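The shown structure was predicted, so the numbers you read here are calculated from the model rather than taken from an experiment.
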Amino acid sequence: MSLAALLLAGIVQASSGFGFSLVAVGLVGIALADAKAGAIVPVFANTVLTGAIVWRYYRHVQVRSVLPFLTASLTSVPLGVLLLAKMSPLWVSLGIGIILLVSGTYALLPRENRRDWHPFWLGVPCGLLSGSLAGAFNTGGPPAVAYMSNRSMTRFEFVATLQFVFLMAGIVRIGFLGSWGMFDRRILLVGLLGIGAALIGGVIGTRILNRLSDRLLRVYVCVFQLVLGGVYVLRACSLLLHPEVVF
């Protein structure tokens, strides 16, 4: 089941540019009956897959346009566990949900009726949140997608740049997890085997991406954001009504 989850996550990631960990972390945690392992195992496959996608579309990577976001994200990765450990799960869920709902709605507006989000003023806070979530749970995608979906990019630039950000964060996270002794034999075995499953999913997802127009990808990503935003807000409401539930 863990490998099937990573295969599905690879398809989602390559076709939309994000969603790998959002799909993989929960399913792998269920398969291994270990939420902590579920948050660590996908990092191997995710990092290799994002690297493969960056290599495939490297000409489309727009580093300069997201440099403030990238810098903030990498800075906050090693602090993720510490920062989020002190934050209420309710506010984390609610904050991500609101970001996704607002960005998804805004990005659906006709291009002539909207402007790109400022690379610094919104890039830095979104980057800090993304890096913190990536460091703690390997789920830095929502803030990154919220920010980059409101930049003027083609579908290939969007996917390639997003993968580059995830690749850099993944490398930093692997380094810190290793230095803290977080990799046991089971995690290494399932994580390394999962690389193959994720790459197969990535091939399928890339074919889907090549068939999408820029407009369809934007709608696809926006709808995905709105759905995920609703899920996070509902989770926050659940935590408010049932504070004993573990996030």
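Annotation: Arg186, atom CZ; neighbour count of heavy atoms from other residues, nucleotides and ligands within 6.0 Å is above 12.
Using a 4.5 Å heavy-atom cutoff, the side chains of Phe183 and Leu177 are in contact. Proximity of Thr161 to Val63: side-chain heavy atoms (C-beta onward) are nowhere separated by under 4.5 Å. Within the 4.5 Å cutoff, the side chain of Ile171 has no heavy atoms near those of the Ile174 side chain. Residues Thr50 and Phe20 are not in side-chain contact: their nearest non-hydrogen atoms beyond the backbone lie 4.5 Å or more apart. With a 4.5 Å cut-off on side-chain heavy atoms, Pro42 and Leu6 count as touching. By the 4.5 Å heavy-atom criterion applied to side chains, Leu133 and Pro143 are counted as neighbours.
How far CG of Leu209 is from CD1 of Ile11: 13.5 Å, rounded to the nearest 0.5 Å. To the nearest 0.5 Å, the span separating CZ on Phe44 from CD1 on Ile187 amounts to 7.5 Å. If you take CG on Leu199 and CG on Leu7, they are separated by 10.5 Å, rounding to the nearest 0.5 Å. From Leu216, atom CG reaches atom CD1 of Ile208 across 12.5 Å, with rounding to the nearest 0.5 Å. Between the CD atom in Gln62 and the CZ atom in Phe156 there is a gap of 13.5 Å [rounded to 0.5 Å]. Between atom CG of residue Leu188 and atom CG of residue Leu192 there is a gap of 6.0 Å, rounded to the nearest 0.5 Å.
Closest heavy-atom contact between Gly127 and Ser76: O-OG, 3.6 Å. The minimum heavy-atom distance linking Gly140 with Ser130 is given by the pair O-OG, 2.6 Å. Between Gly141 and Phe166, the shortest heavy-atom distance links the atoms CA-CZ, 3.7 Å. What you find for Leu49 and Ala198 is that their closest heavy atoms are CD1-O, 3.8 Å. A pairwise comparison of heavy atoms in Ala134 and Arg173 identifies O-NE, 2.7 Å as the closest pair. Of all heavy-atom pairs spanning Met153 and Val66, the tightest one is CE-CG1, 4.0 Å.
Using cut-offs of 30° and 60° on the angle between ring planes, the pair Tyr147 and Phe69 is parallel.
Applying the side chain to side chain donor-acceptor pair (under 3.5 Å) rule to Arg155 yields the partners Asp214; only residues at least two apart in sequence or on another chain are considered. With sequence neighbours excluded, no residue satisfies ring-ring contact (aromatic ring centres under 6.0 Å, His included) with Tyr58.
For Thr71 (side chain) and Pro68 (main-chain N/O), no donor-acceptor pair under 3.5 Å exists by modelled atom type. In this structure, Ser238 contributes its side chain and Leu234 its backbone to no donor-acceptor pair below 3.5 Å. When atom types are taken as modelled, the side chain of Ser179 and the backbone of Phe176 share a donor-acceptor pair closer than 3.5 angstrom. Judged by distance alone, with hydrogens and angles left aside, the side-chain atoms of Gln163 form no donor-acceptor pair with the main-chain N or O of Ala160 at under 3.5 Å.
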For the pair Met148 and Val165, evaluate side chain to side chain contact (heavy atoms under 4.5 Å, CB included) and give the outcome as yes or no after the intermediate values.
-> CA-CA 11 Å; Met148 292 190 196; Val165 170; 3.4 Å; yes
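No continuous path of hydrophobic side-chain contacts links Trp55 to Leu167 [ILVMFWY only; heavy atoms under 4.5 Å].
Two rings, from Tyr57 and Phe164, have their centers 6.0 Å or more apart.
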